[in-house]
Protein chains: 2
Amino acid sequence: MAMEPHLLRTFVTVARLGSFSAAARELGYTQSAVSQQIAVLEADLGAGLLHRRPVEPTEAGARLLEHAGPLLLRTAAARADIARLAGAPASRLVLAATPLAVTTGLAAALAATRQAHPGLELTVRVLGRPEVPAAVATGEADLGLTDGMAAPSDPLQLPDVGPLTAVAVAEQPVAVALPAGHPLAGRRGLDLADLADARWLDAPGVAVPAERLRAATGVAGFRPATRYPGTDLRGLLVLVAAGHGLAVLPQGVLDGVPGVLGAPVREPRLVHRTELVRGSLPEGPAALLARLLDPERP
Amino acid sequence: MAMEPHLLRTFVTVARLGSFSAAARELGYTQSAVSQQIAVLEADLGAGLLHRRPVEPTEAGARLLEHAGPLLLRTAAARADIARLAGAPASRLVLAATPLAVTTGLAAALAATRQAHPGLELTVRVLGRPEVPAAVATGEADLGLTDGMAAPSDPLQLPDVGPLTAVAVAEQPVAVALPAGHPLAGRRGLDLADLADARWLDAPGVAVPAERLRAATGVAGFRPATRYPGTDLRGLLVLVAAGHGLAVLPQGVLDGVPGVLGAPVREPRLVHRTELVRGSLPEGPAALLARLLDPERP
DNA sequence: ACCCTGCCATCAGCAATACTGATGGCCATG
DNA sequence: CATGGCCATCAGTATTGCTGATGGCAGGGT
């Protein structure tokens, strides 16, 4: 009677669907069972978790929801971690990667892996930044590649879903993407703080989010004129070229893009790094790929 | 039948005590129950978790142990988070703090809090760095103060035990603690990388751990001559004065210590920061104290 | 070499739990 | 006002999770 995972699972399902009966259908219970499970959870925690009619979380319920997701994720990660010890198929390789982590270097490493393991069933899943470590932790992916900005010596901050290890596989300088006619275009060595009042595109999926820029420069501003929630880089660059705003991106992706020029950032000192994420002991093709990507391969 | 918290709890207890019967005693079960619980867990995960005779974790068990602790911690945090919504005693205040976070500024703020809330039952618990956020998350403490080194604009990295918010309350420059006669004593603006081959004291409890120095400078070395696992600062400084090695500490704690001089660090750019950690909504005396400590108090 | 003691696994029996299916009250809708 | 969808509740049953008893196994003392 203490926060068992299956109770949490039905709770989050009910909260998500806004309905006891729908949750029951999805989970393969009767409506009665779901009602009782929620009642047990509420009795155990001594607080109402859901308003009824309409069904939506109470304050306590909202608080529980914040915990339930990570808790269930980590539970799945634990299970997956142990399952990995038992069976190793070795002919299947799933790689989870953020959009900017898919590079020609990766492609080359994948080619070499495929050559060494003919008949390999290879999957590359492009996911958002938070999903990549989760996929590796739960065993949905054998390896992950994330990217992000950080101070030159600091590691990227991974959400803590379990014992994952990360190693840097590539770094490149960071630049502000500017439309071709912009007065700063071609300038070398910008200080981001000077651009706090410029017009910005906030594209947390691919570029540096505005909030991060504020934190790194210690300056307010960077108010986004346009939000761009997706991960499609090409579309973002079209908007930049059209003058909808600026974005901070790794230098490399700006080369040769029509209508867009990059101005390297000098201050604050940031680099764009892509890191390889692995669960404790990769085997077979995953181990090979990890070694190929690691710049300090032994 | 899926990793219920009470099964995890008995598992970690058995692993810790190395005995089924002892765990049963501690948890108030019969030995039979503990045996069955472990059997259920092993059947569910499809892997042996413990060797018997002597009782110690298998490889799978070790893996599970890595997850079980955080999982149970977060479960407790969720429960505490919700409990906090219900009852607010308002006459009790528990503050958890790392050793270096206990400063005169804190003492002043505590005095003011006490004045505003006469009859306040105040507890200050000095804990290690990982324990402070855990104590706040589980509700054992109402507020926390942690300290650590970071790049000037980066937040400290808290272990992810739930939705906690942290704000910087103080920053001070960082210095290398040197024995009085040391050739570098009195020097201003050291580059830590130049000291990679010096003799170091590794005191992760109070000073910057060697590993962190390697990461920040990007240089190998900093091999610790002496390990100093505790948190007693005075003892550490005695060792520094006697020439047992150097340590990187916040400038302030070195002033007026006999036999020890501090040389400010110029590179890498690090600051010592203490941060206030709170669960979502402090009330009563905790709210007041939080406001008093926050440099940007409204 | 022996028994003894402490350990864990197993079994049977019982109590508590967690489901299903039926029913009833409530609200929104037509 | 009737109706349909929703959630709560209830009774009945299957399952689970415990206790207490028993048995096998290993290590230590005599």
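Reminder, nothing fancy here: chain letters follow the sequence lines and each chain counts from 1.
In this structure, A/Glu56 atom CD and D/dC7 atom C1' are separated by 15 Å, rounded to whole Å. Taking atom NE2 of B/His51 as the reference point, atom P of D/dA26 lies 16 Å away to the nearest angstrom. Following rounding to the nearest Å, B/Glu4 (CD) and D/dC18 (P) show an atom-to-atom distance of 10 Å. Distance, B/Leu41 CG to D/dG17 P: 12 Å, rounded to whole Å. If you take CD1 of B/Ile38 and C1' of C/dT10, they are 16 Å apart, rounded to a whole angstrom.
With rounding to the nearest 0.5 Å, the separation of CG in A/Leu293 from OG1 in A/Thr113 is 7.5 Å.
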Show the atom names and distances, to 0.1 Å, of all donor-acceptor pairs under 3.5 Å that link a side chain in residues 61-70 of chain B to residues at least two apart or in another chain.
unit_1: B/Arg63; atom_1: NH1; unit_2: A/Ser280; atom_2: OG; d: 2.7
unit_1: B/His67; atom_1: ND1; unit_2: A/Arg74; atom_2: NE; d: 3.3
unit_1: B/His67; atom_1: NE2; unit_2: A/Asp81; atom_2: OD2; d: 2.8

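A donor-acceptor pair is defined here as one N or O able to donate and one able to accept, closer than 3.5 Å; no such pair exists between the side chain of B/Arg278 and the backbone of B/Ala286.
Using a 4.0 Å cut-off between charged nitrogen and carboxylate oxygen, B/Arg84 and B/Asp142 do not count as a salt-bridge pair.
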Evaluate the criterion salt bridge (Lys or Arg N to Asp or Glu O under 4.0 Å) for residue pair A/Glu26 and A/Arg9; output intermediate values, then yes/no.
CA-CA 11 Å; A/Glu26 181 169 315; A/Arg9 194 176 58 122; over 6 Å; no
Any chance you could lay out the side-chain contact (heavy atoms from CB on, under 4.5 Å) test for A/Asp202 and A/Tyr228, step after step, and finish with the verdict?
CA-CA 6 Å; A/Asp202 194 24; A/Tyr228 189 83; over 6 Å; no
Might you list the N or O atoms of the protein lying below 3.5 Å from N or O atoms in nucleotides 19-24 of chain C, with each pair's distance?
unit_1: C/dC19; atom_1: OP1; unit_2: A/Gln37; atom_2: NE2; d: 3.1
unit_1: C/dC19; atom_1: OP2; unit_2: A/Gln37; atom_2: NE2; d: 3.4
unit_1: C/dC19; atom_1: N4; unit_2: A/Gln36; atom_2: OE1; d: 3.4
unit_1: C/dT20; atom_1: OP2; unit_2: A/Thr30; atom_2: N; d: 3.0
unit_1: C/dT20; atom_1: OP2; unit_2: A/Thr30; atom_2: OG1; d: 2.6
unit_1: C/dT20; atom_1: O4; unit_2: A/Gln36; atom_2: NE2; d: 3.1
unit_1: C/dG21; atom_1: O6; unit_2: A/Ser32; atom_2: OG; d: 2.6

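Between A/Ser35 and the phosphate of D/dT9, there is no side-chain N or O to OP1/OP2 separation shorter than 4.0 Å.
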